Every structure is written in structure tokens, then in C-alpha cells.
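Some notes on the structure that comes next.
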Amino acid sequence: MPAKTVNDIVALCKRRGFIFTGSEIYGGLGGAYDYGPYGVELMKNIRAAWWNAMIYSRNDIEGLDAAVITNRLLWKYSGHESSFSDPLVECKKCGARMRQDKMRDQTKCDNCGSTDLTPPRAYQLMMGLSIGATADGAINAYLRPETATTTYTNFKNVMDARPHKLPFGIAQIGKAFRNEISPRGFVFRMREFEQAEMQYFVNPADDEKYFEMWKEIRMAWWVNVLGIPAEKLRFTPHEKLAHYAKAAGDIEYEFPDGFDEVEGIHNRQDFDLGSHTKAQDEFNIQANVMDNRDSTTKLAYSDPQTGESFIPFVIETAMGVNRAMLAVMLDAYTEEDLGDGKSRVVLKLKPALAPVKAAVIPLARNVPELVNIANDIENDLRKLHIGRIEMENSGNIGKNYRRHDEIGTPVCITVDHQTIEDHTVTLRYRDSMQQERVAIADVPARVMEIINKNEK
């Protein structure tokens with residue numbers, strides 16, 4: 001049985017050390033979460049899977065890690081400073097604040113049901129900063145609300161360092177910050193979150209072709225790499241396009257309360273580079289951009305064949321890493337009835353994503369020979385550099401198996417008294433719970449085989 005609600009995952013995350021409430025000992029802070037020992041590993045593995053797909057598996061995309069604190073002018077010319085806001089409604093009876101476009105009924109307070117509401121007003125989502133000794137509290141910088149804009153402003157830097165012909169891309173993973181009115185859905189919508197975004201620069205004549213190409217590539221990644229069933233994903237075109245977009249849509253996952261966005265695919269035309277480039281009048285910019293007199297750099301591409309200089313179009317893929325983790329956990333979460341009144345919860349993660357790749361368990365913690373052999377196996381597995389390997393020495397084999405089922409560990413290796421006699425151990429597989437004896441010498445190869453399997 002899969003997770004019925006997000007609360008199933010919330011409880012598991014706290015119990016097993018995936019995600020904790022931020023600042024919990026002081027009552028928490030809305031929209032802020034801390035990632036524990038296993039959450040860190042799962043997030044790292046999702047990042048690595050994305051980076052491998054974008055950078056290591058291709059020769060046309062470069063990596064970037066831009067600053068989180070940014071010059072105010074970036075967000076002036078991107079349009080964020082003037083228009084990046086949500087419609088805020090306040091209830092005059094209970095004081096609740098709500099995003100109007102997310103209310104269950106826009107005429108009634110979601111909290112108390114009152115109809116005595118304020119008219120909606122624009123609520124700025126960016127987090128302003130006052131930096132420098134003479135700032136005197138005035139906002140002169142921002143925490144970035146996305147990674148994309150810092151990619152556009154580095155377009156020429158990357159091109160100069162690693163010249164490419166079109167099409168080519170720049171990818172980065174990093175933190176973004178938004179002053180959300182009402183964070184919700186656990187880690188689905190937060191004030192501090194992580195994005196994995198790729199900007200693919202193309203000739204304007206080819207934009208539609210590459211927009212369709214990246215829709216297919218990204219959908220296939222969710223299915224083949226993260227292991228999400230195709231029937232639980234869909235691509236939904238935007239009914240109303242943003243001012244910068246020529247075409248846009250979302251990859252949506254079927255959460256317990258319905259489909260919602262996990263990744264956006266956008267044809268941003270030449271809005272972004274056109275907004276930030278110097279000498280805008282020299283280029284035939286098709287998007288409606290703000291007049292820019294502050295940029296010091298031409299963000300254009302010179303075609304080596306024709307010598308023509310133009311502003312490339314951008315095809316963007318933008319994934320929320322936290323949302324991806326939530327979707328992966330929800331899809332992997334399984335409650336199984338084992339009969340005789342027994343049950344178990346198991347995270348059927350793809351082995352490559354699992355926070356712990358293997359657990360070594362001596363059957364008796366007070367038998368030095370068993371513990372020493374287990375230590376040797378653990379050390380041999382660590383030399384494979386495949387991720388986290390754990391040694392369990394609690395002495396309760398059943399509880400150890402159940403704990404690692406919930407964590408999603410693909411295989412447990414049990415060292416017992418027979419091991420001393422014939423140098424074999426028991427491999428116990430997470431999904432099937434089947435067990436088999438293998439020689440200690442064969443354990444590293446078997447574990448590698450399990451981790452490299454593409455199936456769950």
C-alpha cells in the first residue's frame with residue numbers, strides 16, 4: 001500500500017532522520033526544514049543523478065555555481081523587483097494571511113470561514129538584504145529567488161572560458177529564497193529551497209524543436225532515473241504564459257492530494273539575455289524587455305559561419321530538488337502486510353538513490369569474532385566508494401532489518417556463527433526479503449551489482 005497522505009512521509013522523515021523542522025527547539029520557523037543524516041544522502045543522490053544527466057552524460061552543457069547574494073540590478077532588469085509577487089489576502093476576523101490564487105474559496109477565509117477579507121494586494125516574494133557598513137538598513141541586494149538569472153548574467157563568462165557552438169547549455173544546482181505567504185505541503189513549498197536548473201541556448205530558428213526535445217528528455221529522466229512510474233507523471237501546458245515565455249509547461253507528479261508541479265520546461269525566447277545585455281539597440285530582440293543602461297557586457301552569440309551576432313533564445317528546465325525528493329519518497333513508500341498481524345514499511349528506492357547502500361549486521365554484538373568479521377566487510381565495502389555503508393551492532397536482527405527497510409537500504413549483510421565456519425554471510429534483500437548465502441570474498445561484487453541495477 002502506498003502513502004495515503006504526505007503525513008505518512010512526514011512521520012517517517014522525523015522518525016528515521018530524513019527531515020526535521022528547522023529551529024525546532026525554539027518552536028520552528030514556517031517553511032524552513034533541516035535535512036538529517038539520511039535526508040542529506042537522498043538529496044545528494046538526487047543531485048548527483050541530475051548532474052550526471054546534464055553534465056557528465058553530455059558534451060554540450062557546462063556547470064556553474066553562482067553567488068546566492070546578488071546585486072540589486074540583476075532583479076531590476078529581470079523584472080523580479082517590480083513584478084515578482086503573489087496576491088495577498090488577509091482575514092479581518094482571524095488575521096490569517098493567504099495567497100488568493102491558492103485559496104479553496106476566494107470569498108472565504110481558509111482558516112475560519114469568514115467572508116470579511118481585505119482586497120488582494122501584491123506581496124513581494126524576494127528577500128532583500130542590507131549589506132555593507134554604510135547600508136543603514138536600506139535594501140541594496142537580494143537573496144536570489146531562483147538560480148536562472150545568475151546563469152544568464154554569466155553567459156559570456158562561460159562562453160569565454162569554454163567556447164561552444166549553439167546549441168549549448170549552462171546548468172547549476174543551488175539554494176534559492178522566497179518570502180512565501182503560506183508555505184505548505186511539508187517541503188513542497190518553502191522559503192528556503194533548492195533548485196536544479198538548466199538554461200539551453202539555441203538559435204531562434206530552432207527554439208520549438210529544442211523545447212520539444214527537452215520535454216521528452218526530462219520526462220524520461222523522471223521515469224528511468226528516479227523510478228517514478230510514467231502513469232504518475234504528466235506534462236501540463238501553461239494556460240496563461242508568463243510575460244517572458246513563448247511556450248511553457250510543467251511536469252507534474254500525482255501527489256496524494258492530486259497532480260502538482262515538480263519541474264517546469266519553458267521557452268523563454270530572448271527575454272533573459274536581452275534584458276541583461278549591453279547595447280540592446282544593436283540586436284533584434286523579440287521579447288519585450290526593459291531598457292538597460294547599466295549592463296557592461298553584450299550577452300550575444302556570434303555565429304562562426306555567418307558572422308551574425310544575435311541574442312540566443314533560451315529553453316529552460318527548472319526542477320525543485322526538495323520536491324523531487326518528496327515525490328521519490330512518496331512513490332517508494334510501501335506498507336506491506338506480512339500476515340499473522342505483522343506488517344512493515346519499506347522505501348523501495350532505486351539502489352543508486354538509497355541513502356545507505358548496504359548494512360553489515362553481526363548477529364551477536366558480544367561475540368568478538370563476529371564483530372571483527374563484520375568490521376572487515378564494512379571496511380571492504382567502504383573502499384568501493386559507492387556511498388554510505390552502515391555497521392549495525394544492536395544485536396536485534398529483526399529490528400535492524402525493519403529499520404533498514406524504512407531507510408531504503410537495498411541489502412543487509414548478516415554475519416552469523418556459520419560465517420566463522422565457512423566464511424559465508426547472508427545477504428537479505430530489501431524488496432523481496434529473500435536471503436541467500438554468499439562467500440565473504442564475493443560480497444563487494446554482489447553489492448556493486450545490486451547498486452548498479454536500474455530497477456527498483
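Just so we're clear, the structure is a prediction, and the values are computed from it rather than from any experiment. We count residues from 1, following the sequence as given.
- Under the 30°/60° scheme for interplanar angles, the aromatic rings of H266 and Y244 are found to stand perpendicular.
- No donor-acceptor contact under 3.5 angstrom links the side chains of S78 and Y152, judged on distance only.
- With contacts defined as side-chain heavy-atom distances shorter than 4.5 Å, the pair V321/M43 qualifies.
- K246 approaches L241 most closely through the heavy-atom pair O-CD1, 3.4 Å.
- Classified by interplanar angle (parallel below 30°, tilted 30° to 60°, perpendicular above 60°), the ring pair F255/Y253 is perpendicular.
- No donor-acceptor contact under 3.5 angstrom links the side chains of D116 and S114, judged on distance only.
- Side-chain contact between V360 and E390 is absent, with no heavy atoms from C-beta onward closer than 4.5 Å.
- Taken from CZ in F201 to NE2 in H164, the straight-line distance is 11.0 Å, to the nearest 0.5 Å.
- Looking at I217 and R58, their side chains come closer than 4.5 Å, going by heavy atoms from C-beta outward.
- With rounding to the nearest 0.5 angstrom, the CZ atom of R323 is 9.5 Å from the CG atom of L326.
- The NZ atom of K108 sits 11.0 Å away from atom CG of D110, with the distance rounded to the nearest 0.5 Å.
- In this structure, the side chains of E406 and L12 come closer than 4.5 Å at one or more pairs of heavy atoms.
- The shortest distance between side-chain heavy atoms of I397 and L363 falls below 4.5 Å.
- Closest heavy-atom contact between R72 and I139: NH1-O, 2.8 Å.
- A salt bridge links R344 with D405: the closest approach of a Lys/Arg side-chain nitrogen to an acidic carboxylate oxygen falls below 4.0 angstrom.
- Ring centers of Y142 and H80: at least 6.0 Å apart, outside the cut-off.
- Ring pair F18/Y38 is tilted by interplanar angle, where 30° to 60° counts as tilted.
- Side-chain contact between Y200 and D60 is present, with at least one heavy-atom pair separated by less than 4.5 Å.
- In this structure, M159 CE and E62 CD are separated by 10.5 Å, a value rounded to the nearest 0.5 Å.
- When side chains are defined from C-beta on, H238 counts as touching D250, because their heavy atoms get closer than 4.5 Å.
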